[in-house]
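Have a look at the structure below, then the notes.
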Amino acid sequence: MATFQSLPGFREFYPDDQVRRKHLFDLWRRTAHAFGFAEYDAPVLEPLDLYKAKSGEEIEGQLFSFTDKGGREVALRPEMTPTVCRLVGARASALKRPIKWFSIAEFYRYERMQKGRGRCFTQLNADIFGEPGPEAEIELIAMLTQCLTAFGLTEQDFYVRLSDRNLWCYYLAALGLDEPRTRAVLTAVDRHEKYGDEAFQGYTDQFGPIDAEVKAKVLAFLQVKSLAALEATLAPLGSEPITARLADWRKLLGGLQAMGLSRFIEVDLGVVRGLAYYTGFVFEAFDRKGELRALAGGGRYDDLVEKLGGPALPAVGFAIGDMTFALLLEQRGLMPAFAQAADVYCVIGGPAARAAAFADIQTLRATGRRVDYPMKDVGFGKQFKLAADSGAKLALIYGDDEVAKGTVKIRDLNDRAEHEVPRDHVTAVVRDFFTAS
RNA sequence: GCGGUCAUAGCUCAGUUGGUUAGAGCACAAGAUUGUGAAUCUUGGGGUCGCGGGUUCGAGUCCCGUUGGCCGCCCCA
């Protein structure tokens, strides 16, 4: 054995694993539909340039990429965003706005494995195109929240950190920083939680020591945890774009409050996320204990559709990955035990009885009933054990006696009560049993 | 790409200073049991001890290499 292994970082799903995984997807999909999102899908293999265009040349090192037999440079998709931007961009003028789409799809990244991170994983992606205002963020953050609460997770288990790239840019501009310095400060902000003061080393290397007053204000800004504090810090600056942006914040937080979601939301300007393409609000969901990597992340990317060759089209989106999420559910005991149970198990007396049973089995299965039976002739005692182990609610007993009489014995496997019915009534009786229960 | 750590049956693990033919529990299968269930008993299948090399009379055990897992760093769209 073990002559062949699965590739490093790839996962195999035996039935017990697959059923748990499917549970995630089922609830995510139901939630997305509840929010009025339409499902789409797209190729797993894409032109390498699609990702280079979005993320830069360096991205190739983290992709499963190769040259196909036609000489095309291709890559397994590492994310959905460029693909969905292409889909939407291509038909933007024909699609009814707002465009609310989601997908549940598998992605591939050539990375070192870690807890909650593999080389292949599944994400729910949800995006809204065509809505420039914070109404889109309200919708997406609400959906993100419900994608977690649908499993029984509460505000004790997770929270959503909300930040804003625009506000940072306006604020740093008001403090007199130019664009390159702004980017360097945002990089420092991104790293600050992890590295503390050393986070500013990159800035220092580029531009020399950061102005002490600016740094103090940046650090103070990181402490802002509420809209009130945000307004207190920014309103005095009297900056036009900042004033307008604060109105967006009020609208966003007001909407989430009206939906009863405030308890999940924390203002936290320490969230920056990838600098490459986010353009406005950004948000990330974390477990409260802080033991796991991010559960989900998203934000606004108003320039990307156009950058990838489509029309100018505002967009916001988020993604939830399955690996960290499953870890959290396991930790909190919220992963149900799934029994892959049959509805009906047939106990079969012998070759003659088998023929009679097969006819009914086929009829029941055609109506969608999950019916199972032993493939080989085995003793009755063993068959009843098999019936119990199968998780079925009913056993249908086809013994020689019953077959001779033209009847079938029906046993309720929960209370062990039995009764006999004529064979041509069996399918109706079984149907009634399951409709009633 | 870098560092730490681990690898014995499907799973959890034992295996003495290197010493006969590598074990247990669980799981699986057959039987006791051709008409009634979570029990019991008996029996069985299943291992190139991750792989390769070295030391040795002798290696699951010691040494080197390698592959893979886990944890962390870099990165994280």
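In what follows, every chain begins at residue 1, and chains take the letters A, B, ... in the order their sequences are listed. Just so it is clear, the values below take in all heavy atoms, side chains as well, and ignore hydrogens, waters and symmetry mates.
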Worksheet item: Can you find a donor-acceptor pair, distance only, under 3.5 Å between A:Arg109 side chain and B:A77 base?
Response: yes
Worksheet, complete the sentence: So salt bridge (Lys or Arg N to Asp or Glu O under 4.0 Å) across residues 120-134 of chain A, not counting sequence neighbours, yields none
Item to complete: Measure from NZ or CZ of A:Arg119 to the centre of the six-membered ring of A:Phe10 and say whether it is under 6.0 Å with the direction within 45° of the ring axis.
Response: no
Fill in: Interface with RNA chain B, restricted to residues 352-365 of chain A and to heavy atoms under 4.0 Å
none
Worksheet item: What base-paired stems does RNA chain B take part in, with at least 3 consecutive Watson-Crick or G-U wobble pairs and both distances under 3.5 Å?
Response: B:1-7 with B:67-73, B:10-13 with B:23-26, B:28-32 with B:40-44, B:50-54 with B:62-66
Practice prompt. Can you run down the salt bridge (Lys or Arg N to Asp or Glu O under 4.0 Å) pairs that involve residues 39-53 of chain A, sequence neighbours left out, and say none if there aren't any?
Written response: A:Arg29-A:Glu39, A:Asp41-A:Arg77, A:Glu46-A:Arg86, A:Lys52-A:Glu57, A:Lys52-A:Glu60
Worksheet item: Hey, does A:Glu111 reach any base, or is it just sugar-phosphate, or nothing, if we go heavy atoms under 4.0 Å?
Response: base
Discussion item. Less than 3.5 Å apart, any donor N or O on the side chain of A:Arg21 or A:Thr122 sitting next to an acceptor on the other?
Written reply: yes
Worksheet item: Is there a donor in the side chain of A:Thr67 and an acceptor in the side chain of A:Glu73, or the other way round, less than 3.5 Å apart?
Response: yes
Worksheet entry | A:Arg11 NZ/CZ over A:Phe121 ring centroid, <6.0 Å and within 45° of normal | no
Response to the item:
From OH of A:Tyr51 across to P of B:C75 the rounded distance in Å is 23 Å
Item to complete: Quick one, give me the B/S/- string for nucleotides 32-39 of chain B, reading 5' to 3', where B means a protein heavy atom under 4.0 Å from the base and S means that only happens at the primed atoms, P, OP1 or OP2.
Response: ---BBB--
Worksheet item: Looking at the rings of A:Tyr345 and A:Tyr373, which for Trp means the six-membered one, are their centres under 6.0 Å apart?
Response: no
Between the protein and nucleotides 66-73 of chain B, which nitrogen or oxygen pairs are less than 3.5 angstrom apart?
from, atom 1, to, atom 2, distance (Å)
B:G69, OP1, A:Gly9, N, 3.2
B:C71, OP2, A:Lys115, N, 3.2

Worksheet item: Are A:Glu106 and A:Tyr108 linked by a side-chain donor-acceptor pair shorter than 3.5 Å?
Response: yes
Fill in: Derivation of the side chain to side chain donor-acceptor pair (under 3.5 Å) call for A:Tyr398 and A:Asp360
CA-CA 10 Å; A:Tyr398 293 83; A:Asp360 294 344; 2.6 Å; yes
Practice prompt. Indicate whether any N or O donor in one side chain lies under 3.5 Å from an N or O acceptor in the other, for A:Gln146 and A:Thr31.
Written response: no
Worksheet item: Where do A:Tyr203 and A:Ala184 come nearest, in terms of heavy atoms and distance?
Response: CD1-CB, 3.4 Å
Discussion item. Any donor-acceptor pair under 3.5 Å linking the side-chain atoms of A:Gln114 with those of A:Arg293?
Written reply: yes
Discussion item. Rounding to an integer number of angstrom, what distance separates B:G45 and B:G19 when you compare their C1' atoms?
Written reply: 29 Å
